[in-house]
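None of these values were measured; they are calculated from a predicted model.
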Amino acid sequence: MKKVWAFDLGASSGRLMLASFDGQQIHTEEVHRFSNHPVFITNHYHWDLLNIFQEMKRGISKSVKMGHNDIESMAIDTWGVDFGLISSSGELLGNPYSYRDNQTFSGMEKVLKKVTKKEWFQRSGIEPAPINTICQLVAIQERQPHLLEHTETLLLTPNLVSYLFSGEKFNEYTISTTTSMYNIEQKNWDTELMNMLNIPSDMMAPVVKPGTIVGPTMSAINDELHIHPVKVIAGAGHDTACAFARIPANDQNAVFMSCGTWILLGIKVDKPVVTEEAFQSGFTNEGTMDGKYRLMKNSMGLWLIQRCKAVWDKEGTSISYEEENRLVNEAKPFQRFINPDDTQFLNPLSMTEQIAKFCRETGQSPPITKGDFLRCILESLALKYRWVIENLESMTDKSIQTIYMGGGGIQNQVLCQFIANATQRKVVAGPVEATSIGNAVGQFMALGEIKDYEQANEVINRSITTNVYEPNDQASWQDAYQQFVKRL
């Protein structure tokens, strides 16, 4: 059997999955998992890239000790928009900033002085937002111009890590489309826009197609980790693009949700949708593994619960996942709603205080118990996803019947059922490791083991198990939706 390493780096944890293909099914095994959170230092949020890379190497060493010395290739997928800066000597110019850093807001203000939101959207297909790569770059240019002066190459996060293993500099298509600097008409970097914003366009590494074999691991890496040269593949670098491979190619009336810290919900389209409706509703267009696009909405996911639980951890009143479900079921339904995508929830000092503040300001009673907070979040999330789906139907003239969910968030069974109830659509949840399977499929296609996307879809369906959630309690959720939309 062919074996590959699929590195899936998320905004809260990273892992190495060993994937093998026997010609019919892909088998995955988690080799190593580690925590990954932004580090707050000198009043800014940075990614601890040195620790990420060290943990990745630790995962490889574990794999070798398990007897896996016959690895064909490796590929890396990560969250979008963030990047590292490389000097002319090939060295990293500091730890990368996190998209949650507050400097991005000032960056967005400066971008909007040069280009309108609508033009920004039409050039890139990406919803104008502070987290976009372009905002971070403009902020850096304002605060630390010397950084860009000493930069020879900008590498997006998955390609930055690939560079550390291979020494090859490139930016892959799917991750490049998340930046707001990829021009959807020119199908390349938007040098005109970058020049308007005084961002050096020559530092952008060339864009390569998903599945490009860029080279072997460097000899220094091989010697350190006692491995044979392994092919480094520019797989679909954006984790959502990997997970999106889960959606059945022959189901034209389905959407896919990648569920985690963020929830990304979308449908495949042949070309970007940059209509007035898409712009006004805050939709975005990102690249798919097969070179097309998915029209989607970046929505808040389990981040809200993660940050509430962080508050309770500090207070010494932590709860387990089992307690979480019990508390939700004990709380009275449909008492209050929030707009989970409001920017005030992006990174507040206290998520619980921010939710209570939102409720007071919108004439609702604030949550009191942990169950109140959890139920408010989960109901609001599910109702927001109904709003997204209805907008997708309007923009694509499709009747969406099924929601395919993948990622760690599907382990929250209450959320899955709430989504089925709120949307009144069947939910097919699985697998948890959707991103890693998509990563592996991309590698096996690059290696010639899987011939095309149709076969890839057949392989995925044979390789996974799912849980199905049917909608119920239609009347109550319909009434709740009418109340919810007033908070948007």
Practice prompt. Taking all non-hydrogen atoms of both residues into account, name the closest pair between Thr240 and Ser258 and its distance.
Written response: CG2-CB, 4.2 Å

Worksheet item: Where do Leu264 and Asp239 land on the side-chain contact (heavy atoms from CB on, under 4.5 Å) test, with the steps shown first?
Response: CA-CA 10 Å; Leu264 302 104; Asp239 49 13; 5.5 Å; no

Discussion item. Would you say that more than 12 heavy atoms from the other residues, nucleotides or ligands in this model lie under 6.0 Å from the CG of Asp223, or not?
Written reply: yes

Worksheet item: Is any side-chain heavy atom of Met56 less than 4.5 Å from a side-chain heavy atom of Leu164?
Response: no

Worksheet entry | Any Phe283 side-chain heavy atom under 4.5 Å of Val273 side chain | no

Discussion item. Contact between Ile464 and Arg246 at the side-chain level, heavy atoms closer than 4.5 Å - yes or no?
Written reply: yes

Worksheet item: Any sub-3.5 Å donor-acceptor pair from Lys297's side-chain atoms to Ser281's backbone N or O?
Response: yes

Discussion item. Counting only heavy atoms not in His228 (residues, nucleotides, ligands), do more than 12 fall under 6.0 Å from its NE2?
Written reply: no

Worksheet item: Angle class for the Phe444/Phe21 ring planes (parallel below 30°, perpendicular above 60°, tilted otherwise)?
Response: tilted

Item to complete: Identify the two heavy atoms, one from Ser166 and one from Val214, that lie closest to each other, and give their separation to 0.1 Å.
Response: OG-CG2, 4.4 Å

Discussion item. Measuring from atom CZ of Phe170 to atom CG of Leu156, what distance do you get when rounded to the nearest 0.5 angstrom?
Written reply: 10.0 Å

Discussion item. Determine whether a donor-acceptor pair (N or O, by modelled atom type, separation under 3.5 Å) exists between the side chain of Asp101 and the backbone of His46.
Written reply: no

Worksheet item: Does Ile134 reach the side chain of Thr179, with side-chain heavy atoms less than 4.5 Å apart?
Response: no

Discussion item. Side chains of Thr435 and Asp8: any donor to acceptor distance under 3.5 Å?
Written reply: no

Worksheet item: Under 3.5 Å, is there a donor-acceptor pair between the Glu286 and Thr284 side chains?
Response: no

Practice prompt. Could you tell me whether a side-chain N or O of Asn132 sits under 3.5 Å from a main-chain N or O of Ala129, the two making a donor and an acceptor?
Written response: yes

Practice prompt. Answer yes or no: is there a side-chain heavy-atom contact under 4.5 Å between Ile86 and Glu152?
Written response: no

Discussion item. Please verify the inter-ring angle class for Phe40 with Tyr45; under 30° counts as parallel, over 60° as perpendicular, anything in between as tilted.
Written reply: tilted

Discussion item. So, taking the atom named CG in Leu155 and the one named CG in Asn171, what distance separates them when rounded to the nearest 0.5 Å?
Written reply: 5.5 Å

Practice prompt. Output yes when a side-chain donor or acceptor of Asp452 lies under 3.5 Å from a complementary backbone atom of Glu454, and no otherwise.
Written response: yes

Fill in: Considering all heavy atoms, the nearest Ser73-Val4 contact
OG-CG1, 3.2 Å

Worksheet item: Just by distance, with hydrogens left out, do Gln344 and Asp342 show a side-chain donor and acceptor under 3.5 Å apart?
Response: yes

Practice prompt. Applying side-chain contact (heavy atoms from CB on, under 4.5 Å), run through Ile71 and Ile227 and close with a yes or a no.
Written response: CA-CA 9 Å; Ile71 302 298; Ile227 60 175; over 6 Å; no

Discussion item. Would Asn285 and Val274 count as a side-chain contact (heavy atoms from CB on, under 4.5 Å) here? Give the steps.
Written reply: CA-CA 8 Å; Asn285 297 267; Val274 289; 4.2 Å; yes

Discussion item. Between Phe83 and Ile175, does the side-chain contact (heavy atoms from CB on, under 4.5 Å) criterion hold? Intermediate values first, please.
Written reply: CA-CA 10 Å; Phe83 57 88; Ile175 198 74; over 6 Å; no

Worksheet entry | N/O donor-acceptor pair under 3.5 Å between Arg294 side chain and Gly287 backbone | yes

Worksheet item: Angle class for the Tyr99/Trp47 ring planes (parallel below 30°, perpendicular above 60°, tilted otherwise)?
Response: tilted

Practice prompt. Kindly check if the number of other-residue, nucleotide or ligand heavy atoms within 6.0 Å of NZ (Lys62) is above 12?
Written response: yes

Discussion item. I'd like to know if the side chain of Asn183 reaches the main chain of Leu193, judged simply by a donor and an acceptor atom lying under 3.5 Å from each other, with no hydrogens or angles considered.
Written reply: no

Worksheet item: If you look at every heavy atom in Pro340 and Ser380, which pair is closest and at what distance?
Response: CG-O, 4.1 Å

Item to complete: Answer yes or no: is there a side-chain heavy-atom contact under 4.5 Å between Arg462 and Val459?
Response: yes

Worksheet item: Crowded around His37 NE2? As in, over 12 foreign heavy atoms under 6.0 Å?
Response: yes

Worksheet entry | Taking every non-hydrogen atom, the tightest pair across Asp77 and Ala236 | CB-O, 3.6 Å

Worksheet item: Counting distance only, does the side-chain N/O of Gln443 pair as donor-acceptor with the main-chain N or O of Trp5 below 3.5 Å?
Response: yes

Worksheet entry | Pair Gln103, His44: side-chain N/O donor-acceptor within cut-off below 3.5 Å | no

Fill in: N/O donor-acceptor pair under 3.5 Å between Thr157 side chain and Asp82 backbone
yes

Discussion item. Given His32, which partner from the list Arg58, Lys57, Glu55 fulfils the side chain to side chain donor-acceptor pair (under 3.5 Å) test?
Written reply: Glu55

Worksheet item: Just by distance, do the side chain of Asn195 and the backbone of Thr191 share a donor-acceptor pair under 3.5 Å?
Response: yes

Worksheet entry | Distance-minimising heavy-atom pair for Cys308 and Ile355 | SG-CD1, 3.9 Å

Discussion item. Listing request: all ring pair (Phe, Tyr, Trp, His ring centres under 6.0 Å) pairs with a residue in residues 171-191, at least two apart in sequence or in separate chains.
Written reply: Tyr173-Tyr182

Practice prompt. Spell out, as yes or no, whether a donor-acceptor pair under 3.5 Å connects the side chain of Ser124 to the backbone of Trp120.
Written response: yes

Worksheet item: What's the spacing between Leu112 CG and Met108 CE if we round to 0.5 Å?
Response: 5.0 Å

Fill in: Side-chain heavy-atom pair Arg307, Val311 within 4.5 angstrom cut-off
no

Worksheet item: Are any of the side-chain heavy atoms of Gln141 and Pro200 separated by less than 4.5 Å?
Response: yes

Worksheet item: Is the number of heavy atoms from other residues, nucleotides or ligands under 6.0 Å of Glu29 CD greater than 12?
Response: yes

Discussion item. Any salt bridge linking Arg15 with Glu433? Criterion: basic side-chain nitrogen under 4.0 Å from a carboxylate oxygen.
Written reply: no

